[in-house]
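The structure appears below as structure tokens.
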Amino acid sequence: MTHHHIALIPGDGIGAEVLPSARQVLEAVGARHGIGFSYTSYDWSCERYVREGAMMPVDGLDQLRDKDAILLGAVGHPGVPDHVSLWGLLIPIRRGFRQYVNLRPVRVFEGVESPVRGAVAGEVELVVVRENVEGEYSEIGGRLNRGFPEEMAVQESVFTRAGVTRVLDYAFGLAGRRGGRLTSATKSNGIVHTLPFWDELVAERGAAHPEVAWDQEHIDALAAKLVLAPARFDVVVASNLFGDILSDLAAAVAGSIGIAPAANLNPERDFPSMFEPVHGSAPDIAGRNVANPVGSIWSAAMMLDHLGHPEAARDVTDAIAAVFATTDERTPDLGGSATTTEFTEKLLELL
């Protein structure tokens, strides 16, 4: 039996409700495929921040370093500013463990109605590859003259050749294994330095991947086309900010952000990778057992694939598809009345 040690970070709000569903699914599919799991759980959260003044301890990364992967629920609470919770937990993990690829698959499932007329099951199945550790989300900048009329804020974007090239190579490689199509998100007509540099590197890496047909779209036009013709896209690669926005938009096209998964990958496997649903902590529904667990369960499937178990991962995604295609089990975000527990039980039954 193969064994993996997984770090669990339930986090805040519905994170603590959807993570147990993912764990149940892992145990079930693991039993079938000869995969064993052990878990170490961490209470790192906004609640901890309020109690102790930090989202996680100073040696947090050292505590995670020897784990095979990290499975996270959700982070955020109205009483703690979002930039505090994000920069106190997720971003230090992403950057400290060089998780420079943020992978977000998007799929329209049979039985899940998309709000977009042209989004049809079997036709829309794309993936957004987001640069995850630099770009627009840099730490360079500051505030000056606080409280005075001339108060100002400066935020610098950072695009390095090494950082952009490595995420592009990952995206082109993924496109080569899929449909052979890649779209690059840019805004080089308006942003005069960083995005022309991005475009140059896309062209450079595209020449090194002749098996992939690629094009580029300005981010505003691309956002419109993702809604008007989502089936035309396969792999979309984007900077940190653009990828963040596009993946949420694409998840909405698929029917609900509640079903969207994400992987923060260190492709070289020098450090553990982290897997999390795209949805937030949803404090308005926390504690009611109505959260959609699919984003967390699908993230766990992505973790299985990353750990070298593609067949087990496929069993999980097939079970998700089967629930939607053959049953009426739906959580409220998809127009149903099933609880988190009821949906998970139905998925486990089909699995």
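Since the model is a prediction, treat every value here as computed from it, not as a measurement. Keep in mind that the numbers below use all heavy atoms, side chains included, and drop hydrogens, waters and symmetry copies.
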Answer yes or no: does atom CD of Gln155 have more than 12 heavy-atom neighbours from other residues, nucleotides or ligands under 6.0 Å? yes
Could you tell me whether Asp43 and Arg51 make a salt bridge, using a distance below 4.0 angstrom between a side-chain N and a carboxylate O? yes
Would you call the rings of Trp44 and Tyr42 parallel, tilted or perpendicular if under 30° counts as parallel and over 60° as perpendicular? tilted
Just how far is it from atom CD1 of Ile219 to atom CG of Asn189, taken to the nearest 0.5 Å? 11.5 Å
Over 12 non-hydrogen atoms of neighbours within 6.0 angstrom of CD in Glu113: no
Tell me if the OH atom of Tyr49 is crowded by more than 12 foreign heavy atoms within 6.0 Å. no
Quick one: pull up CD1 in Ile285 and CD1 in Ile14 and give me the separation to the nearest 0.5 Å. 4.5 Å
Please answer: with hydrophobic residues joined when any side-chain heavy atoms are less than 4.5 Å apart, are Ile259 and Leu72 in the same cluster? no
Asp82 CG: over 12 foreign heavy atoms closer than 6.0 Å: no
Taking atom CD of Gln216 as the centre, does the number of heavy atoms from other residues, nucleotides or ligands within less than 6.0 Å exceed 12? yes
Distance in Å, Thr341 OG1 paired with Lys346 NZ, rounded so as to fall on 0.5 Å steps: 14.5 Å
Determine whether Leu89 and Met56 make a side-chain contact, defined as any pair of heavy atoms from C-beta on separated by less than 4.5 Å. yes
Run the salt-bridge test on Asp270 and Arg98 with the 4.0 Å N-O cut-off and return the result as yes or no. no
Got more than 12 heavy atoms from elsewhere within 6.0 Å of CG, Asp220? yes
Between Tyr137 and Asn132, is there a side-chain donor-acceptor contact under 3.5 Å, judged purely by atom types and distance? no
Kindly compute the distance separating NZ (Lys67) from CG (Leu64), expressed to the nearest 0.5 Å. 6.5 Å
Tell me whether the guanidinium CZ or amine NZ of Arg23 lies under 6.0 angstrom from the six-membered ring centre of Tyr39 and within 45° of its axis. yes
Is any side-chain N of the basic residue among Arg314 and Glu311 closer than 4.0 Å to the acidic one's carboxylate O? no
Quick check, are the ring centers of His4 and His306 under 6.0 angstrom apart? no
Quick one: do Arg181 and Asp215 make a salt bridge, cutoff under 4.0 Å? no
Salt bridge check, Asp244 against Arg104: does any charged N sit closer than 4.0 Å to a carboxylate O? yes
Relative to the ring of Phe343, is the ring of Phe324 parallel (under 30°), tilted (30 to 60°) or perpendicular (over 60°)? tilted
Point-to-point distance, once rounded to the nearest 0.5 Å, from CG of Leu246 to CD of Glu217: 11.0 Å
Proximity of Trp298 and Phe109 rings by center, below 6.0 Å: yes
Applying the 4.5 Å side-chain criterion to the ILVMFWY set and letting contacts propagate, would Met302 and Val278 be lumped into a single cluster? no
Euclidean distance, Glu123 CD relative to Arg232 CZ, rounded to 0.5 Å: 14.5 Å
Would Asp169 and Arg166 pass as an ion pair if we require N to O under 4.0 Å? no
